[in-house]
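Indexing begins at 1, ligand by ligand and atom by atom, following the structure's order.
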Amino acid sequence: MFRRHARLARLRAWTAQEFAIRIKRARFRSFARRMDKKVITLLKSQAYIDGTWTGAPGFAVLDKATGAEIARVPDLGADEARLAITAAERAFKPWAKLLAKERAAILRRWYELILDHADELALLLTKEQGKPLTEAKGEVIYGAGFVGFNAEQAKRIYGEVIPSHKPDARVMVTKYPVGVVAAITPWNFPVAMITRKVTPALAAGCTIVVKPAEDTPLCALALAALAERAGVPKGVFNVVTCKDPVAVGKVLTTDSRVRMVTFTGSTEVGKILMAQASGTVKKIGLELGGNAPLIVFDDADISRAVTGAMASKFRNAGQTCVSANRILVQAGIFDAFVAALTAEVAKHKVGAGVDAGVTQGPLINLQAVEKVEAHLADAIAKGAKVIAGGKRHKLGKTFFEPTVVTGIGRSMRMWNEETFGPVAAITRFATDEEAIELANSTPFGLAAYVFTRDLARTFRMSDALDFGIIGINEGLTSTEVAPFGGVKESGLGREGSHHGVEEFVELKYTLIGGL
Ligand code: ADP
């Protein structure tokens, strides 16, 4: 009775504003509690091989914002990788022999299940990867897009009849799945990088063994759980978890039963995998590092350029291979652009991705923080100027301040390597020719961005930039309907669109003579 009175008195003392804030907080807490409960249904702590959940608890997967353990997953090795390949090989023929529309129907069910579980997948993603919940939800929707698209595309892997070179013959080209595929995926998009590889492979009739990144295996396992519910037959999609990727990676790239390796990650590791896969001449798909220029011309719409730069640079705390790594700004707009970008950066809220209003989560691990620090120290020593941020965030752990630096140049590490962190590194240029030269002076060629309102310049830049993806007046280009991929040391092949599925088929030419 007394407690009730005390509570009522407290309630009366609150102002309307306090009341609103408290209701908002309570709603958020109850949302988080509900989500926590839901996640348990998709939180798997075993690997998935041949339609069976398998393996003893091995290494811990941590919540990147708190450092708390979310789950322990099996630390598997070469033997389990071989078992997964055996399962995928056994499953290959029956899966490839299904009618395209039967494979499409299963993929479609998987797509719907992912969308039905989008909130809990997003929460799991935020916990194991660190990105804010709204970004995580965006990734789940984007990742599901590949499943839906490839469910359709499964039915459209058309062959050809080519006008014959002989009077009594027919030239026919048919398409066949390449066979067992091995996929090695990174931690920065733990949902989308799985679906972007697995679903074109499955649509084409291939089976697949996935080795997810050691920092983020839980989304891969959650996706496997939904694939199982959708009716993906056993052995068609396998997930092998491990802490140290070398042994499993070696098997996946050297076993002759694997006919294609698809990898997203660093150029350094991509080159190792490519060399390993050469022994058995596997098909290969590589999405490697970038060093994206973002060019802002004097005639740009400045607020659009700032929005584009923010999206490209600070999404996922700058940990994407298409993040703007060098921001090149024409002299006439330089000061205004830097001021506007810095004002926008100041609005960033750093914190745990599950907290309301947070726009930048933690970096993936301490090595990532140390790399950002090393790049900044090197740039400062060589004359760059820090305009905002520049150090670890007061929240500690792996949180880093959103940072703006100007005066970057060719001698600096952040010019030549991906910083992979929340650092907008800016320099000034004078002419179009100079911008093109600065942008192309890298062994990489994944994404480039241009901000201009001049139509002729738009086409000139699109032609002149040696990159696989060009965003004009856009900082976000990724979508399942367009081909994603790079040139030069940024990789081989494309993912997404009808081109993405074509990577997983072999052409067969049949000449029918004597007609
Ligand atoms: P990042 O530097 O972004 O972590 P990595 O290229 O190191 O990128 O990692 C991407 C993926 O490659 C992860 O799944 C990781 O486990 C895997 N990987 C790293 N080294 C090897 C290796 N030697 N063999 C096979 N896989 C590897």
Side-chain angles (χ1 to χ4, degrees), residues 47 58-59 61-62 64 73-78 80-82 84-85 128-131 181-198 208-221 223 238-255 258 260-279 282 284-292 316-323 325 362-372 374-375 398 413 417-421 444 446 486 489-492 495:
F59 64 98
V61 184
L62 305 181
K64 301 302 177 289
V73 299
D75 188 7
L76 303 180
E80 292 86 357
R82 276 188 216 100
I85 295 169
E128 75 165 343
Q129 199 276 339
K131 67 181 66 175
V181 176
I184 298 179
T185 57
W187 48 262
N188 57 351
F189 290 91
V191 167
M193 293 306 103
I194 307 276
T195 58
R196 199 162 87 173
K197 292 181 184 304
V198 171
I208 195 160
V209 179
V210 176
K211 190 215 76 63
E214 50 277 21
D215 279 309
T216 57
L218 299 176
C219 284
L221 296 171
L223 286 168
N238 307 274
V239 182
V240 177
T241 53
C242 59
K243 174 81 181 148
D244 178 350
V246 175
V248 169
K250 192 81 192 276
V251 171
L252 295 183
T253 50
T254 56
D255 191 307
V258 173
M260 174 164 173
V261 173
T262 166
F263 169 74
T264 297
S266 61
T267 297
E268 187 193 354
V269 172
K271 287 177 182 174
I272 296 172
L273 300 180
M274 193 174 174
Q276 287 177 180
S278 70
K282 298 187 197 313
I284 192 139
L286 299 173
E287 298 292 350
L288 308 178
N291 188 343
N316 204 7
Q319 303 172 108
T320 90
C321 46
V322 291
S323 291
N325 203 52
L363 299 194
I364 191 73
N365 53 34
L366 266 184
Q367 290 98 287
V369 176
E370 284 160 8
K371 182 176 183 190
V372 173
H375 277 203
T398 58
R413 283 188 66 188
E417 301 167 35
E418 283 180 298
T419 301
F420 237 63
F444 300 99
L446 186 54
E489 292 188 26
S490 285
L492 290 172
E495 293 184 341

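Between the Asn291 side chain and the Phe444 main chain, no donor and acceptor come within less than 3.5 Å of each other. Put simply, the side chain of Ser490 never gets that close to the backbone of Leu288: no donor and acceptor are under 3.5 Å apart. Put simply, the side chain of Lys197 never gets that close to the backbone of Val181: no donor and acceptor are under 3.5 Å apart. A donor-acceptor pair under 3.5 Å is formed between the side chain of Asn316 and the backbone N or O of Asn188. In this structure a side-chain-to-backbone donor-acceptor pair under 3.5 Å is present from Lys282 to Asp255.
Using a 4.5 Å cut-off on side-chain heavy atoms (C-beta onward), Ile85 and Leu252 make contact. For the pair Thr185 and Thr264, the minimum side-chain heavy-atom distance is 4.5 Å or more. Side-chain contact between Leu363 and Lys371 is absent, with no heavy atoms from C-beta onward closer than 4.5 Å.
Under a 4.0 Å criterion applied to the non-hydrogen atoms of Thr185, ligand 1 contributes the atoms 11 (C), 13 (C), 14 (O). Using a 4.0 Å cut-off to heavy atoms of Val269, the atoms of ligand 1 that qualify are 6 (O), 7 (O), 18 (N), 19 (C), 20 (N), 21 (C), 27 (C). Close approach of ligand 1 to Gly249 (heavy-atom distance below 4.0 Å) involves ligand atoms 25 (C).
For atom 14 (O) of ligand 1, the nearest protein heavy atom is under 4.0 Å away.
At least one heavy atom of Phe263 sits closer than 4.0 Å to an atom of ligand 1.
In terms of protein heavy-atom proximity, atom 3 (O) of ligand 1 is nearest to Trp187 NE1, 3.5 Å. Scanning the protein for heavy atoms near atom 26 (N) of ligand 1, the closest one is Pro245 CB, 3.6 Å. Protein heavy atom in closest approach to atom 24 (N) of ligand 1: Leu273 CD2, 3.7 Å. Closest protein heavy atom to atom 16 (O) of ligand 1: Glu214 OE1, 2.5 Å. Of all protein heavy atoms, the one closest to atom 23 (N) of ligand 1 is Val246 CG2, 3.8 Å. Ranking the protein heavy atoms by distance from atom 17 (C) of ligand 1 puts Ile184 CG2, 3.7 Å first. In terms of protein heavy-atom proximity, atom 6 (O) of ligand 1 is closest to Ser266 OG, 2.7 Å.
Considering backbone and side-chain N/O of Lys211, one or more are found under 3.5 Å from N/O of ligand 1.
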Candidate pair Glu489 and Lys271, rule side-chain contact (heavy atoms from CB on, under 4.5 Å), full reasoning: CA-CA 9 Å; Glu489 292 188 26; Lys271 287 177 182 174; 2.8 Å; yes
